[in-house]
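Notes follow the structure.
In what follows, residues are counted from 1 in the order of the sequence shown. Just so it is clear, the structure is predicted and the values come from calculations on it, not from any experiment.
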Amino acid sequence: MLKQHLSFKLSQKLSPQQIQLMKLIQLPTQAFEQRLKQELEENPALETGKEELDNFEDEFEDEFNDEIDSESINTEDINIDEYLSDDEIPEYRTQANNYSADDEERTVPYAAGTSFNQYLLNQLNTIYLSDDEWAIAEFLVGSVDESGYIRRPINDILDDLAFTQNVYTEAETIKKVLKTVQELDPPGVGATSLEECLIIQLKRKEITASIELAIAILEKSFDQFTKKHYQKLIQKHNITEEELRQAISEIERLNPKPGGSYSGNTRMIEHIVPDFSIKIVDGELELTLNGRNAPELHVSRGYNNMLEGYKNSKEKSKSQKDTVLFIKQKLDAAKWFIDAIKQRQQTLFITMNTIMQYQEEYFLTGDERNLRPMILKDIADTIQMDVSTVSRVANSKYVDTPYGTRLIKDYFSESMKNDQGEDVSTKEIKKILENVITEEEKRKPLTDDKLADILKEKGYPIARRTVAKYREQLGIPVARMRKEI
């Protein structure tokens, strides 16, 4: 039996130009510069400089449109979700130095260096190896990851050597050559596990009683060591608490990621350029947009002259019309791009300025306890823009403040009620939680239940499971793992 149903579906459809504008808005400064460079290379009608934009097109617009039938773009079936996915938002790590090209700051170039793998291969050249051993050693070095480890099982390496390098050998031979690779610098490189990495480093040191004990603990009691079962270690190795403390001190001086210590490992470098700068001038906040986001562009005068020549020409051949159609398309694209950049600048500045005013107390003091609860909708409603637009600014842009350079989205947080019924930011609670843990007695670290009680005493009645969630978000381990002797 057939039935008819009437249903309504609301979907957001945008033109290709609107989609491109949103993509421009979400680009951080460095990515925007690459996009600008690409547009300048692809569109000869777009030029940099201060030359005024000529209003030449209006004079012959009607004549031009009458003579040339251009195909219109059908935007009805364009769904924004198909064009703007989260995957397109680039992610940047914050473990980097930050520089800006503004007047007061200069970008520091990085010197080109030898890759980490090449650095290891150069060391292998000083060691005598047979042809087969060299092939195995070269393959093992190629398997070293950025942290300095070889994490692949020996049997997998055995198979890959046979299939990809035409080297047929035995597992014992690979293990022998692996020992040679593990003699390279930095100490610990080529290890197959954290335990082995630390032991290799200890054995490269001058052997003392503390070093010998540290090696014994790692070799025989690694699981108990990682779980900080100190009393069990004292009993098992028949040592004093002071001897254990000295052995642990030796282990803590080691590098768990030897690959990261190599300065030529350029893969470890991330370079962040702040998109905004906030300064305090005479007690007032001052916001500036990185000047690299405001390039001076104009339409090519040469293309203007081409159109003028077409307009004044008595005979208009088909080839001339085809040429002028190409010119018009490039001019349209250039004019749109210039307008889009201006709109991008305005959107970025208005959004960040609203965030700055919303969090004025924090930016004046730097005290995270002064961060107000703030969600994307708060800012979107204030500037009368879509939440997605605010999200594209917040998720991919950095701001330089007197307190460091941070991702803008870090200033957003949910709210909860304190014991006075006031809305407080979850960031404020996390900061207090972090301070409490920092000041705890390390021999008897506070459990999540105890932390919840302390927060409640301070006026923040939150459950133990919420404390655990905030602690994990702060990257702080459980009480047992924070214990020191």
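Of all heavy-atom pairs spanning Glu241 and Ile234, the tightest one is CA-CD1, 4.0 Å. The two residues Pro258 and Pro187 have their closest heavy-atom pair at CB-O, 3.5 Å. Closest approach of Cys197 to Pro256, counting heavy atoms only: SG-O, 4.2 Å. Residue Ile341 comes nearest to Asn293 through the heavy atom pair CG2-O, 4.3 Å, listed as atom of the first residue, atom of the second, then distance. Across all non-hydrogen atoms, the minimal contact from Gln26 to Ser396 is O-OG, 2.6 Å. Among all heavy-atom pairs drawn from Leu407 and Ala394, the shortest one is CG-O, 4.1 Å.
With Phe32 as the aromatic partner, Arg292 does not meet the cation-pi criteria of under 6.0 angstrom to the ring centre and within 45 degrees of the ring axis.
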Between Ile150 and Val141, is a side chain to side chain contact (heavy atoms under 4.5 Å, CB included) present by the stated rule, with each step listed?
CA-CA 8 Å; Ile150 296 177; Val141 165; over 6 Å; no
Hey, mind stepping through Thr240 and Glu243 against side chain to side chain contact (heavy atoms under 4.5 Å, CB included) and telling me if it holds?
CA-CA 5 Å; Thr240 65; Glu243 288 174 328; 3.2 Å; yes
Before you tell me yes or no, could you show the steps for Glu286 and Ile280 under side chain to side chain contact (heavy atoms under 4.5 Å, CB included), namely the whole-Å CA-CA distance, both residues' side-chain angles and the distance that decides it to 0.1 Å?
CA-CA 6 Å; Glu286 182 180 279; Ile280 302 174; over 6 Å; no
Audit row: Ser130, Asp132, side-chain hydrogen bond (donor to acceptor under 3.5 Å, both in side chains) steps and yes/no
CA-CA 6 Å; Ser130 66; Asp132 283 349; 5.9 Å; no
Given the rule in the salt bridge (charged side-chain N to carboxylate O under 4.0 Å, His left out) test, do Lys175 and Glu172 qualify, once you have shown the distances and angles that lead to the verdict?
CA-CA 5 Å; Lys175 291 178 182 178; Glu172 289 303 317; 3.8 Å; yes
If you apply the rule side chain to side chain contact (heavy atoms under 4.5 Å, CB included), what do you find for Phe412 with Leu376, and how did you get there?
CA-CA 7 Å; Phe412 288 81; Leu376 295 173; 3.7 Å; yes
side-chain hydrogen bond (donor to acceptor under 3.5 Å, both in side chains), that's the test. Do Asn122 and Gln118 meet it? Break it down for me.
CA-CA 6 Å; Asn122 290 343; Gln118 186 60 50; 2.9 Å; yes
Using side-chain hydrogen bond (donor to acceptor under 3.5 Å, both in side chains), reason through Glu196 and Gln182 one step at a time and then give a plain yes or no.
CA-CA 10 Å; Glu196 186 177 36; Gln182 291 174 347; 3.3 Å; yes
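Residues Glu440 and Lys442 are paired through a salt bridge, judged by an N-O separation under 4.0 Å between the basic side chain and the carboxylate. Glu33 and Lys37 are not joined by a salt bridge, as no carboxylate oxygen comes within less than 4.0 angstrom of a charged side-chain nitrogen. The residues Glu434 and Arg471 are annotated as not salt-bridged, no charged nitrogen and carboxylate oxygen being separated by less than 4.0 angstrom. Ion pairing of Arg152 with Asp160 is present here, as a side-chain N (NZ or NE/NH1/NH2) and a carboxylate O approach within less than 4.0 Å.
Taking CD1 of Ile383 as the reference point, atom CE of Met352 lies at 11.5 Å (rounded to 0.5 Å). Interatomic distance, CG of Asn238 versus CG of Leu233, reported as 12.5 Å (0.5 Å rounding). Distance check: Leu24 CG to Glu39 CD gives 8.5 Å after rounding to the nearest 0.5 Å. The NZ atom of Lys397 lies 9.5 Å from the OG1 atom of Thr351; values are rounded to the nearest 0.5 Å. To the nearest 0.5 Å, the span separating NZ on Lys279 from OG on Ser277 amounts to 5.0 Å. Rounding to the nearest 0.5 angstrom, the gap separating the CG atom in Leu184 from the CG atom in Leu120 is 6.0 Å.
Around atom NZ of Lys330, more than 12 heavy atoms belonging to other residues, nucleotides or ligands sit under 6.0 Å away. Annotation: Asn125, atom CG; neighbour count of heavy atoms from other residues, nucleotides and ligands within 6.0 Å is above 12. Counting heavy atoms of neighbouring residues, nucleotides and ligands inside a 6.0 Å radius, atom CD of Gln346 does not exceed 12 of them. The neighbour count for Asp131 CG, taken as heavy atoms of other residues, nucleotides or ligands under 6.0 Å away, does not exceed 12. The 12-atom threshold is not exceeded at NZ of Lys450, counting heavy atoms of other residues, nucleotides or ligands nearer than 6.0 Å.
Under the 4.5 Å side-chain criterion, counting only non-hydrogen atoms from C-beta, Leu446 is not in contact with Ile437. The shortest side-chain heavy-atom distance between Leu124 and Trp134 falls under the 4.5 Å cut-off. For the pair Leu36 and Phe337, the minimum side-chain heavy-atom distance is below 4.5 Å. Counting only heavy atoms from C-beta outward, the side chains of Asp400 and Phe276 never approach each other to under 4.5 Å. Counting heavy atoms from C-beta on, the side chains of Thr347 and Met385 come closer than 4.5 Å. The shortest side-chain heavy-atom distance between Arg392 and Met22 falls under the 4.5 Å cut-off. You'll find the side chain of Ile379 stays beyond 4.5 Å of the side chain of Val393, heavy atoms only. Side-chain contact between Thr192 and Tyr149: absent, with no pair of heavy atoms (C-beta onward) separated by less than 4.5 Å.
Taking the six-membered ring for Trp and thresholds of 30 and 60 degrees, Phe222 and Phe225 have ring planes inclined between 30 and 60 degrees apart.
For Ser249 (side chain) and Arg245 (main-chain N/O), no donor-acceptor pair under 3.5 Å exists by modelled atom type. No side-chain donor-acceptor contact under 3.5 Å links Thr466 to the backbone of Ile462. Arg406 places no side-chain N or O within donor-acceptor distance of the main-chain N or O of Val399, the cut-off being under 3.5 Å. Between the side chain of Asn43 and the backbone N or O of Leu40, no donor-acceptor pair lies under 3.5 Å. Of the possible polar contacts, none joining the Gln359 side chain to the Met356 backbone as a donor-acceptor pair under 3.5 Å is found. Side chain of Asp275 to main chain of Pro28: no donor-acceptor pair is present (N/O by atom type, distance under 3.5 Å, no hydrogens or angles). Distance alone, capped at 3.5 Å, is enough to place a donor-acceptor pair between the Asp145 side chain and the Gly148 backbone.
Residue Lys176 forms a salt bridge (charged side-chain N to carboxylate O under 4.0 Å, His left out) with just one option from Glu133, Glu170, Glu183, and that option is Glu133. None of Glu42, Gln34, Glu41 except one satisfies the side chain to side chain donor-acceptor pair (under 3.5 Å) rule with Gln38; the exception is Glu42.
Not counting sequence neighbours, the partners of Arg464 by the side chain to side chain contact (heavy atoms under 4.5 Å, CB included) test are Asp448, Asp449, Ala468. The ring-ring contact (aromatic ring centres under 6.0 Å, His included) test applied to Phe363 returns Tyr411, not counting sequence neighbours.
Sequence neighbours left out, the pairs with a member in residues 199-208 that pass side-chain hydrogen bond (donor to acceptor under 3.5 Å, both in side chains) are Asp185-Arg204.
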